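Shown next, in structure tokens, is the structure this report addresses.
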Amino acid sequence: MEILVASAVGLMTAVGIYLILRLRSFPVIVGLALLSYACNAFIFASGRIVTGLPPILSKTAAGYTDPLPQALVLTAIVISFGMTAVIVMMALGAFLESGDDRIDLAEDDK
Amino acid sequence: MNHWIIVPVVLPAIMGAFTLLVLRTTLDLARVFSTAATLALLAVSVMLLHDATVNGPEVYFLGDWPAPFGIVLVLDRLSALMVALTAFLALAVQLYAIGTGWDRKGRHFHALWQFQLMGVCGAFLTGDAFNLFVFFEVLLIASYGLMIHGGGRDRLKAGVQYVAYNLLGSTLFLFALATIYSVTGTLNMADLAVKLPDLPEGDFALMRAAGVMLLMVFAIKGALVPLHFWLPATYAEAPGPVAALFAVMTKVGAYAVIRCYTLFFPEDLPATGLLFADLLLPAALITLFVGAFGVMGARNLGRVAAFAAITSMGTLFTAVAQFTPEATAAALYYAVHSTLAGGALFLIADLVVSRRGTGSLTEALPPLPQNGLIASFFMASAIATAGMPPLSGFLGKLLILDATRGPDMALVWGAILVSSFLVILGLSRTGSTLFWKSQATPGDLPAHPAQPLAFVATGGLLAALALWTVAAGPATAWLEETALMLHTPDAYIAANKLGGE
């Protein structure tokens, strides 16, 4: 399972970085979303990957999974979700104002 | 427990929500309440500064959960100083925004302003690495709104770049924090400082990777080369008062480097050693020159001010990268100076652009309305920014030069002195285009209202610079003690009561 999680994180990060380097804002936003997915999976894995163990106190439990990364990842998901919404709105505003969704600035503004 | 410690976070949070919900239609009331809140923030932060000086580090346990299980806020001299600096700058710039009417050019200016202050103060006060991430996000999301305040094509485009760059930074921050947590099992900064020296050797590589990722995040915030690309367009396109407030946002990056890399990644840590200083110093020296060449080459006043901000971050990080108490004290003196000077320069740039109609430096236009006063303000802030006597920029750079004696002395002194010279040249050229060439240009610019409040606010920042120069003696003595406490953080760690009690 470690291999699966690690390669998923690696693949999403690679694709995310490739998309961020594109010149139009739509692929950049998709790339940022992919990066945040990779990041969330990574945070989960930081508490060590175990199967079938409870995160909270239980009399019958053989062991525990670390509950803190789950709290951290929840915060991270909420924040990245909100941020993605903000950048979508701003990119839309920039697209409507300028007529194209290029990520670079106009030639007369450098 | 001293409950005043949480006030710099809670007060702007409540006031931001109140302004948004109750005062959204009445700008005059929003102005009164928001200014009163910033004034109260300044008063509380001065009181906290006094507390921190007298009592040493104090910890606020949120929800009374003991550290390292709960989140803590830590008030020490450094965080109190930065909060007071933020409050003062915010008050002056807010008065400017009211005086020039910037706050009526878009909606929710004052609410966003308060949320911005909440994020900045929280980032300075927190003693928990994940909480630092959360406050970074709070200050960023407010800054996204402020950055595109007033709208317009170029501003929105620059805003999208700014947001994309910072989202990338946030992702990197999370990767770094998750790595640190997976190795140490804690994210409380004091607890990290206790646990990291006993790290097993097998985890050294992971911890180095995490430390460098964290450094990159703070370098993005502090606009350190090669991660500075977001700054020029953002600062040049942001509304003038917002760019002036952003002068303290780059300092958040510098603060985080000073805090984290003296507290839990010090140079005598076996896992990382001199790694961070070796990375930071070359980057800072290149930053100096990128900024200086930018000031020389910019064809637009906003960009001149933005690149001047990059140079000042280069100077600041050069001192920070020494990681000695003397250099840290010099860096803190310079940080306060460059926040005030950077803020003043952006406000003056805005005064010029609003009267001239353009920030372009490639064409000479007739003299500005209120030309003499703006020209003398520009002169004073240029002297401060370039680091010429008699203002505090000179003293700050002198302290930094004095603190960087050592094997790298020739390189560091050369870089700081040559880049200062380039900045002087660039700013003189800017000033002569704006204020001297204009005298020989026939015609008149359209009349412009005098806006006394805007001039008072800008003058207030310059007066604070003069005061910081006059008070340099006691200030440096205080800062030296602050730096000494940063480099021997026993009191900071003890205040967290990690073992219980």
Side-chain angles (χ1 to χ4, degrees), chain A residues 9 13 16-17 20-22 24-25 28-29 31-49 66 68-69 71-73 75-80 82-106 108-110, chain B residues 68-69 129-131 133-134 136-138 140-145 147-148 151-187 206 210 232-234 236-237 297-300 302-303 359-360:
Chain A
V9 169
T13 309
I17 287 177
I20 280 172
L21 300 176
R22 308 297 296 171
R24 295 189 178 274
S25 46
V28 170
I29 294 171
L32 285 169
L34 273 176
L35 261 184
S36 67
Y37 298 157
C39 188
N40 293 338
F42 185 78
I43 298 176
F44 246 127
S46 75
R48 302 295 184 271
I49 299 168
D66 190 344
L68 191 69
L72 299 184
V73 85
T75 315
I77 288 171
V78 172
I79 288 177
S80 69
M83 292 293 179
T84 310
V86 169
I87 193 174
V88 166
M89 289 310 292
M90 283 175 68
L92 201 59
F95 172 67
L96 293 175
E97 289 266 344
S98 66
D100 66 61
D101 77 335
R102 290 173 66 88
I103 199 92
D104 52 344
L105 295 176
D108 56 352
D109 184 55
K110 279 179 184 166
Chain B
F69 306 109
F130 196 80
N131 199 226
F133 162 76
V134 173
F136 266 34
E137 297 304 310
V138 173
L140 282 174
I141 202 156
S143 78
Y144 301 156
M147 152 85 215
I148 55 166
R153 184 195 67 166
D154 293 341
R155 192 168 291 153
L156 278 167
K157 285 216 150 187
V160 173
Q161 286 186 352
Y162 172 62
V163 178
Y165 215 109
N166 276 294
L167 283 184
L168 198 57
S170 307
T171 315
L172 205 57
F173 203 165
L174 283 174
F175 275 119
L177 291 178
T179 313
I180 292 176
Y181 180 77
S182 69
V183 175
T184 61
T186 182
L187 285 171
L206 267 178
T234 305
E237 294 298 343
R299 286 172 291 167
N300 180 300
R303 302 238 159 194
S360 165

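Everything quoted here is computed from the prediction, not taken from an experiment. The sequence lines fix the lettering, A, B, ..., with proteins before strands; numbering per chain opens at 1.
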Select, from [options], the one with the greatest count of heavy-atom pairs under 4.5 Å involving chain A.
| options | answer |
| --- | --- |
| B:Asn166, B:Val134, B:Leu174 | B:Leu174 |
| B:Leu156, B:Leu187, B:Leu172 | B:Leu156 |
| B:Val138, B:Leu140, B:Leu168 | B:Leu168 |

Nearest-0.5 Å distance that lies between atom [atom1] in [X] and atom [atom2] in [Y]:
| X | Y | atom1 | atom2 | value |
| --- | --- | --- | --- | --- |
| B:Tyr165 | A:Ile103 | OH | CD1 | 12.5 Å |
| B:Tyr181 | A:Leu72 | OH | CG | 7.0 Å |
| A:Asn40 | B:Thr171 | CG | OG1 | 9.0 Å |
| A:Ile43 | B:Phe130 | CD1 | CZ | 5.5 Å |

Side chain from CB out, backbone as N, CA, C, O: work out which of these in [X] comes under 4.5 Å of a heavy atom of chain B, or both, or neither.
| X | result |
| --- | --- |
| A:Ala45 | neither |
| A:Ile20 | side chain |
| A:Arg48 | side chain |
| A:Leu32 | side chain |
| A:Thr13 | side chain |
| A:Ile79 | side chain |

Return the minimal non-hydrogen interatomic distance between [X] and [Y], and the atom names on each side.
| X | Y | result |
| --- | --- | --- |
| A:Ser46 | B:Ala178 | CB-O, 3.3 Å |
| B:Ile148 | A:Met90 | CG2-CE, 3.4 Å |
| A:Ser98 | B:Arg153 | CB-CG, 3.3 Å |
| B:Glu137 | A:Met83 | OE1-CE, 3.0 Å |

Most heavy-atom pairs under 4.5 angstrom with chain B, which of [options]?
| options | value |
| --- | --- |
| A:Ala76, A:Gly82, A:Pro69 | A:Pro69 |
| A:Leu96, A:Asp66, A:Asp101 | A:Asp66 |
| A:Thr84, A:Leu68, A:Val28 | A:Leu68 |

Point to revise | Any side-chain heavy-atom pair of A:Phe42 and B:Thr179 under 4.5 Å | key: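 They are in side-chain contact.
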Practice item. Could you tell me whether the side chain of B:Val160 reaches within less than 4.5 Å of the side chain of A:Arg102, counting heavy atoms only? Key: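 SC-SC contact between A:Arg102 and B:Val160 ruled out.
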Point to revise | Segment of B:Ile180 engaging chain A (4.5 angstrom heavy-atom cut-off) | key: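 Contact with chain A involves no heavy atom of B:Ile180 at all.
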Review point. Under a 4.5 Å heavy-atom cut-off, does chain A meet the side chain of B:Ser170, its backbone, both or neither?
Key: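 Answer is neither: B:Ser170 stays 4.5 Å or more from chain A.
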